[in-house]
Participant: 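Here it is, the structure in full.
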Amino acid sequence: MTAKPSENRILDGRDVDIDHARAVSGDDGDVDAPIMLQPEVPAALTFNGHSHAVMMVSPHDLEDFMVGFALSEGIVDDISQITLRDVRKTLQGYVIEADLHDDVFDRLADRQRTLEGRSGCGLCGVQSLEAVAMDKIGSVTPSNMAQDVVLRAIDALPEYQTRNREGGGLLHASAFVDVSANIKLVREDIGRHNALDKVLGAVARQGVDPTGGFILMTSRCSYEIVTKTVQFGVGGLVTLSGPTLTAVNLARKAGLTMICRERRGLFRRFA
């Protein structure tokens, strides 16, 4: 059946007098509805006065992002080893400052990033292949994730994705779910790795016990999603898109319980 011309429209938002963070879209009716566009901004991560990385992020929950990044990258082992100092907005973006304890500050050289870390890539800026160290993944105690618990959490997650609803479905979400399928914390970001770092940072900063719970993500399952989850010590991971072969192999090596959505819409336990 051929659609009527009115059912397929391209709206011109170039001459609409609206805020720069908004654009004009259309709904199923005749009234044009505004939607919020999501910004991507550079955030410079600075440890002990030394610049470590510049990441493209969604500009919220940046304190959680800094702590989660330090933990999931293995820069610190515990939240007690990092002290947040300041989050400053500048003309170019944001600067997030933190101090590390002296006994872990030398680890920065092993994970130095000097280039812009783009929101979709977890390796941008790493200076050498040795820094990837995918063969040095640790181990975790596997989470016991019953099928009904996982499926209830998946069904409940959209309710918590407030920024994603406002922004037209552009943001990834990462949630920490307890053993009873309760979604304890959710963080959102344009980049899936950033969303994960934010929720891990929130878990650490709020003192939530990660034992037995699992991470639920709206993204595909890449190798770095696995390594960050394992590095933090969470034993379970669920993603709403499929895994890469490398991610599956790493999860099995680490003992991580991993469930991912297949193309047919079904979920499969891969590790």
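In what follows, every heavy atom counts, from backbone to side chain, and hydrogens, waters and symmetry copies are set aside. Each residue takes its place number in the sequence, starting with 1.
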Participant: Applying salt bridge (Lys or Arg N to Asp or Glu O under 4.0 Å), run through E73 and K228 and close with a yes or a no.
Facilitator: CA-CA 7 Å; E73 291 282 327; K228 283 177 175 290; 3.0 Å; yes
Participant: Among L237, I225, I215, find the residue that satisfies the side chain to side chain contact (heavy atoms under 4.5 Å, CB included) test when tested with M258.
Facilitator: L237
Participant: Quick check: closest heavy atoms across G235 and V140, and the distance to 0.1 Å?
Facilitator: CA-CG2, 3.9 Å
Participant: Just wondering, do H52 and F69 contact through their side chains at under 4.5 Å, heavy atoms?
Facilitator: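 Yes, at least one pair of side-chain atoms sits under 4.5 Å.
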Participant: Of all heavy-atom pairs between P59 and V41, which one has the smallest distance, and what is that distance?
Facilitator: CB-CG2, 3.7 Å
Participant: So do the side chains of T239 and T218 get within less than 4.5 Å of each other, counting heavy atoms only?
Facilitator: no
Participant: Just how far is it from atom NZ of K89 to atom OH of Y94, taken to the nearest 0.5 Å?
Facilitator: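 Rounded to the nearest 0.5 Å, the NZ-OH separation comes out at 4.0 Å.
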Participant: Evaluate R187 against S174 for side-chain contact (heavy atoms from CB on, under 4.5 Å), listing each step before the verdict.
Facilitator: CA-CA 6 Å; R187 293 293 183 266; S174 181; 5.6 Å; no
Participant: Please find the pair of heavy atoms, one from G242 and one from C260, that lie closest to each other, and give the distance.
Facilitator: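 Answer, listing the atom of G242 first, then C260: CA-CB, 4.3 Å.
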Participant: Could you check whether the rings of F105 and H50 sit parallel, tilted or perpendicular, using 30° and 60° as the cut-offs?
Facilitator: tilted
Participant: Closer than 3.5 angstrom, by distance alone: can the side chain of T246 be matched with the main-chain N or O of Y223 as a donor-acceptor pair?
Facilitator: no
Participant: Given side chains that start at C-beta, do those of R261 and L266 come closer than 4.5 Å, heavy atoms only?
Facilitator: no
Participant: Test of understanding: clusters of I, L, V, M, F, W, Y form through side-chain heavy atoms closer than 4.5 Å, transitively. Do F232 and L100 belong to the same one?
Facilitator: yes
Participant: Looking at residues at least two apart in the chain, or sitting in another chain, which of them share a salt bridge (Lys or Arg N to Asp or Glu O under 4.0 Å) with R88?
Facilitator: E97
Participant: Measure the shortest side-chain to side-chain distance between R152 and D148 over non-hydrogen atoms and say whether it is less than 4.5 angstrom.
Facilitator: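 R152 vs D148: side chains touch.
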Participant: To the closest 0.5 Å, what do you measure between CZ (F270) and CD1 (I259)?
Facilitator: 10.5 Å
Participant: Does one hydrophobic cluster hold both F267 and V226, with members joined at side-chain heavy-atom distances below 4.5 Å?
Facilitator: no
Participant: Which pair of non-hydrogen atoms, one from A98 and one from M66, has the smallest distance, and what is that distance?
Facilitator: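 Heavy atoms only, the tightest pair is CB-CE, 3.8 Å.
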Participant: Could you measure the distance from the SG atom of C221 to the CZ atom of R192? Nearest 0.5 Å is fine.
Facilitator: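 Going from SG on C221 over to CZ on R192, the span is 9.5 Å.
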Participant: Do I190 and H172 have side-chain heavy atoms sitting under 4.5 Å apart?
Facilitator: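 They are not in contact (no side-chain heavy atoms under 4.5 Å apart), so the answer is no.
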Participant: Would you say that M55 contacts F65 through its side chain, given a criterion of any heavy-atom pair below 4.5 Å between the two side chains?
Facilitator: yes
Participant: Report the distance from atom CD1 of I183 to atom CD1 of I154, rounding to the nearest 0.5 Å.
Facilitator: 9.5 Å
Participant: Under the side-chain contact (heavy atoms from CB on, under 4.5 Å) rule, what do V149 and D178 come out as? Steps first, then yes or no, please.
Facilitator: CA-CA 9 Å; V149 168; D178 69 14; over 6 Å; no
Participant: Should L196 and V234 be regarded as members of a common hydrophobic cluster, given that ILVMFWY residues are connected when their side-chain heavy atoms come within less than 4.5 Å of each other, either directly or indirectly?
Facilitator: yes
Participant: Taking all non-hydrogen atoms of both residues, which atom of A195 and which atom of A173 are closest, and how far apart?
Facilitator: CB-C, 4.4 Å
Participant: How many angstroms lie between atom CG of L157 and atom CG of L240, to the nearest 0.5 angstrom?
Facilitator: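 Output value for this atom pair is 6.5 Å.
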Participant: Does V186 reach the side chain of L216, with side-chain heavy atoms less than 4.5 Å apart?
Facilitator: no
Participant: Indicate yes or no for a side-chain donor-acceptor contact from T46 to the backbone of G49 under 3.5 Å, with no hydrogens or angles considered.
Facilitator: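 Here the side-chain-to-backbone pair does not exist.
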Participant: Quick one: do I137 and V248 end up in the same hydrophobic cluster if we chain Ile, Leu, Val, Met, Phe, Trp and Tyr together by side-chain heavy atoms under 4.5 Å apart?
Facilitator: yes
Participant: Under 4.5 Å between side-chain heavy atoms, counting indirect links through other Ile/Leu/Val/Met/Phe/Trp/Tyr residues: same cluster for F176 and L151 or not?
Facilitator: no
Participant: Measure across V230 and S139 and return the closest heavy-atom pair with its distance rounded to 0.1 Å.
Facilitator: CG1-N, 4.1 Å
Participant: Side chains of I82 and F47, heavy atoms from C-beta outward: is any pair under 4.5 Å?
Facilitator: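 Answer yes - side chains close enough.
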Participant: R268: what forms a side chain to side chain donor-acceptor pair (under 3.5 Å) with it, not counting sequence neighbours?
Facilitator: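 Testing R268 for side chain to side chain donor-acceptor pair (under 3.5 Å), a comparison that skips the adjacent residues, returns E262.
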Participant: I'd like to know if the side chain of N194 and the backbone of M56 have a donor-acceptor N/O pair within less than 3.5 Å.
Facilitator: yes
Participant: Show the numbers, then the answer: is there a side-chain contact (heavy atoms from CB on, under 4.5 Å) between H193 and S222?
Facilitator: CA-CA 9 Å; H193 309 102; S222 62; 3.6 Å; yes
Participant: First locate atom CG of L45, then atom CG of D197, and finally report the distance between them rounded to the nearest 0.5 Å.
Facilitator: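 The distance works out to 9.0 Å.
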Participant: So with a 6.0 Å cut-off around CG of D102, is the heavy-atom count from everything else above 12?
Facilitator: no
Participant: Mark yes or no for whether Q81, through its side chain, and D77, through its backbone, hold a donor-acceptor pair below 3.5 Å.
Facilitator: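 Side chain of Q81 to backbone of D77, a donor-acceptor pair under 3.5 Å: yes, one is there.
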Participant: Could you give the side-chain donor-acceptor pairs of residues 198-214 under 3.5 Å, partners two or more places apart or in another chain?
Facilitator:
{"residue": "K198", "atom": "NZ", "partner": "S58", "partner atom": "O", "Å": "2.9"}
{"residue": "K198", "atom": "NZ", "partner": "H60", "partner atom": "O", "Å": "2.7"}
{"residue": "K198", "atom": "NZ", "partner": "E188", "partner atom": "O", "Å": "3.4"}
{"residue": "K198", "atom": "NZ", "partner": "D189", "partner atom": "OD2", "Å": "2.7"}
{"residue": "R205", "atom": "NH1", "partner": "D64", "partner atom": "OD1", "Å": "2.8"}
{"residue": "D209", "atom": "OD1", "partner": "T211", "partner atom": "N", "Å": "3.0"}
{"residue": "D209", "atom": "OD1", "partner": "T211", "partner atom": "OG1", "Å": "2.9"}

Participant: side-chain contact (heavy atoms from CB on, under 4.5 Å) between I75 and V104: does it pass, once the steps are laid out?
Facilitator: CA-CA 7 Å; I75 296 171; V104 296; 5.7 Å; no
Participant: List the residues meeting side chain to side chain contact (heavy atoms under 4.5 Å, CB included) with N144, not counting sequence neighbours, and say none if there are none.
Facilitator: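 If we apply the side chain to side chain contact (heavy atoms under 4.5 Å, CB included) test to N144, skipping adjacent residues, there are no hits.
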Participant: Apply side chain to side chain donor-acceptor pair (under 3.5 Å) to D78 and list each qualifying residue two or more places apart in sequence or on a separate chain.
Facilitator: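 Only S80 meet the side chain to side chain donor-acceptor pair (under 3.5 Å) criterion with D78.
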Participant: For the residue pair T83 and D99, confirm or rule out a side-chain donor-acceptor distance under 3.5 Å.
Facilitator: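 Side chains of T83 and D99: no pair found under 3.5 Å.
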Participant: Keeping N182 on the side-chain end and K184 on the backbone end, is there a donor-acceptor pair under 3.5 Å?
Facilitator: no
Participant: For R252, check salt bridge (Lys or Arg N to Asp or Glu O under 4.0 Å) against everything at least two apart and list the hits.
Facilitator: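 R252: no salt bridge (Lys or Arg N to Asp or Glu O under 4.0 Å) contacts found.
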